[in-house]
Amino acid sequence: MQNPLFPADPLGGYLAAKAEIDVAVARVLASGRYILGPEVEAFEAEFAGYLGVGGAVGVANGTDAIELALRAAGIGPGARVATVGNTVTATVAAIAATGAEPVYIEIDPATMLMDPAALASVLAADANRNIKAVLPVHLYGQPCEMPQIVNLARAHGAVVIEDCAQCHGANANGRKAGAWGDLAAFSFYPTKNLGALGDGGAVVGTDPALLARVRRLRQYGWQTRYVSTEPGRNSRLDELQAAVLRVRLCRLDGENAARGRLADGYRIGLKGATLAVPTVAAGRTHVWHQFVVRTTARDALKAHLEQAGIHCGVLYPVPVFGQPGYLQPVRLPLTEQACHEVLSLPLHPGLTPIDVARVTAAVRGWRG
Ligand SMILES: *Cc1c(COP(=O)(O)O)cnc(C)c1O
């Protein structure tokens, strides 16, 4: 049997930069500063510069980043937040943690991202303007249709908070994902395109008042040390993770380019196969966090590939509104169909063109 292939490879990501990461970690260990010190400050500045936004605030994880961004923008009990159902539960857990309620928007089946036309009709039906925020999810590495989504939200008086957990470095119309909304939330979970060696997250934006509020909320509501001006949380990024992220940020564009070359290999290799391959909308770049194919016989194809040592992911098998913890009586046929059909082929910067050829051959050899 050939070596197994996996959807992601966090150990490989560490080993690829081991010498530099080990130096960075040793530097932090020897410094005596382990929480909110010079590494977090430097990473915040470097990440904001990379994205072209005014500032970044390191937090404990991506879920907290979404929650604190919403709360900083004034979202809480009584508010409704427009998002999608085909996302990780975290997106909706963060909305619920603020006391607000999710409103699910249908997806565009071509990209599996929030459909601006569906958003427009939901906003038009929201006569009392209870929808106070729009939370698009840049799923799989491709940004949503941001110019339209931002315009629709603004016209409705709603803020835009981007869920950027899967699209570090992607562009929409020449602007980075994360630079469109009032605030944007990133996760640095180890398997993300920019991954830490543990949990991490960041809220980014340009409005100084919003960023200052996120800074207070991440640490007990402190305006200055020992003086809270509002209730807050503990959600801090630590120095070790920040030091690792500084190393990995320097490699992000190169690793995204490597993902792009592998994705091109898949798209060429799967031409004419009996399944749907992902497309990239005009004006956008895709950073290939996931390479997601679609087939009505998804589970059979997944089992077939597993036989060949090719392990695939399913992001996500059940829409959030269909999960017992977040159940809502929602019918969104295109979202539900996507959840039944999606399959993530192995894709991470450690794969080779030979691995991709092996996967495409296995897919083509499948009689579904
Ligand atoms: C990973 C992820 C999150 C949550 O991030 P955590 O760091 O695990 O809390 C939120 N949204 C999306 C789309 C994600 O992929």
Side-chain angles (χ1 to χ4, degrees), residues 7-8 10 13 43 47 56-71 81-98 102 104-105 107 111-114 133-144 146 149 160-170 177-178 180-181 183-204 214 218 233-238 241-242 244-245 248 256 259 286-292 313-321 323 325-326 335 338-339 342 344 347-348:
F43 172 68
F47 192 49
V57 183
V59 298
N61 56 64
T63 312
D64 281 3
I66 300 169
E67 181 197 335
L68 297 188
L70 288 167
R71 287 177 52 180
V81 178
T83 191
V84 290
N86 62 329
T87 181
V88 67
T89 316
T91 309
V92 177
I95 294 170
T98 68
Y104 293 98
I105 308 299
I107 57 170
T111 57
M112 293 184 272
L113 301 171
M114 180 182 280
V134 179
L135 177 36
V137 181
H138 306 309
L139 200 68
Y140 304 144
Q142 176 165 207
C144 300
M146 289 312 289
I149 289 174
V160 176
I161 309 291
E162 297 169 73
D163 182 341
C164 295
Q166 299 193 3
C167 70
H168 312 76
W180 288 89
L183 289 170
F186 284 85
S187 165
F188 307 122
Y189 186 82
T191 59
K192 310 292 190 189
N193 288 35
L194 178 58
L197 300 176
D199 273 315
V203 179
V204 309
V214 175
R218 81 167 164 188
R233 291 263 318 274
N234 172 0
S235 181
R236 296 177 297 226
L237 182 66
D238 67 66
Q241 300 309 333
V244 169
L245 287 166
R248 300 214 59 202
N256 281 345
R259 288 174 183 271
H286 197 311
V287 293
W288 302 105
H289 175 61
Q290 303 282 317
F291 189 91
V292 178
V314 175
L315 281 66
Y316 296 92
V318 184
V320 181
F321 53 76
Q323 298 172 28
Y326 295 94
T335 298
C339 290
V342 291
S344 296
L347 181 61
H348 54 77

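What you see is a predicted model, and the numbers here were worked out from it, not measured in a lab. Order of listing sets the numbers, starting from 1, for every ligand and every atom in it.
- For ligand 1, the atoms sitting less than 4.0 Å from at least one non-hydrogen atom of G62 are 5 (O), 6 (P), 7 (O), 9 (O), numbered in the order shown with element in parentheses.
- Only the side chain of V137 comes within 4.0 Å of ligand 1, judged by heavy-atom distances.
- Of the N or O atoms in Y189, none lie within a sub-3.5 Å distance of an N or O in ligand 1.
- F47 and H168 have tilted rings, their planes meeting at an angle from 30° to 60° on a 0 to 90° scale.
- Distances from atom 2 (C) of ligand 1 to the heavy atoms of H138, Q166, Q290, K192 show the closest one on K192.
- A distance of 8.0 Å separates CD1 of I107 from CG of L113, quoted to the nearest 0.5 Å.
- Atom NE2 in H286 sits 12.5 Å away from atom NE2 in H138 (nearest 0.5 Å).
- Residue contacts with ligand 1: A165 is placed with no nitrogen or oxygen under 3.5 Å of a nitrogen or oxygen of the ligand (distance criterion only).
- The proximity of T63 to ligand 1, defined as any non-hydrogen pair under 4.0 Å, involves the side chain as well as the backbone.
- Shortest contact from atom 4 (C) of ligand 1 to any protein heavy atom: A90 CB, 3.5 Å.
- The closest protein non-hydrogen atom to atom 13 (C) of ligand 1 is D163 OD2, 3.4 Å.
- Listed by atom number, the atoms of ligand 1 under 4.0 Å from T91 heavy atoms are 11 (N).
- Listed by chain and residue number, E44 satisfy the salt bridge (charged side-chain N to carboxylate O under 4.0 Å, His left out) test with R218 (two or more places apart in sequence, or in another chain).
- Take H289 and apply the side chain to side chain contact (heavy atoms under 4.5 Å, CB included) test, not counting sequence neighbours, and it matches Q166, K192, N193.
- Of the possible donor and acceptor atoms, none in the side chain of Y316 sits under 3.5 Å from a partner among the backbone N and O of T89.
- Under the 3.5 Å distance criterion, with hydrogens and angles disregarded, no donor-acceptor pair is assigned to the side chains of T111 and Q142.
- Close approach to V88 involves these atoms of ligand 1, each under 4.0 Å from a residue heavy atom: 2 (C), 3 (C), 10 (C), 11 (N), 12 (C), 13 (C), 14 (C).
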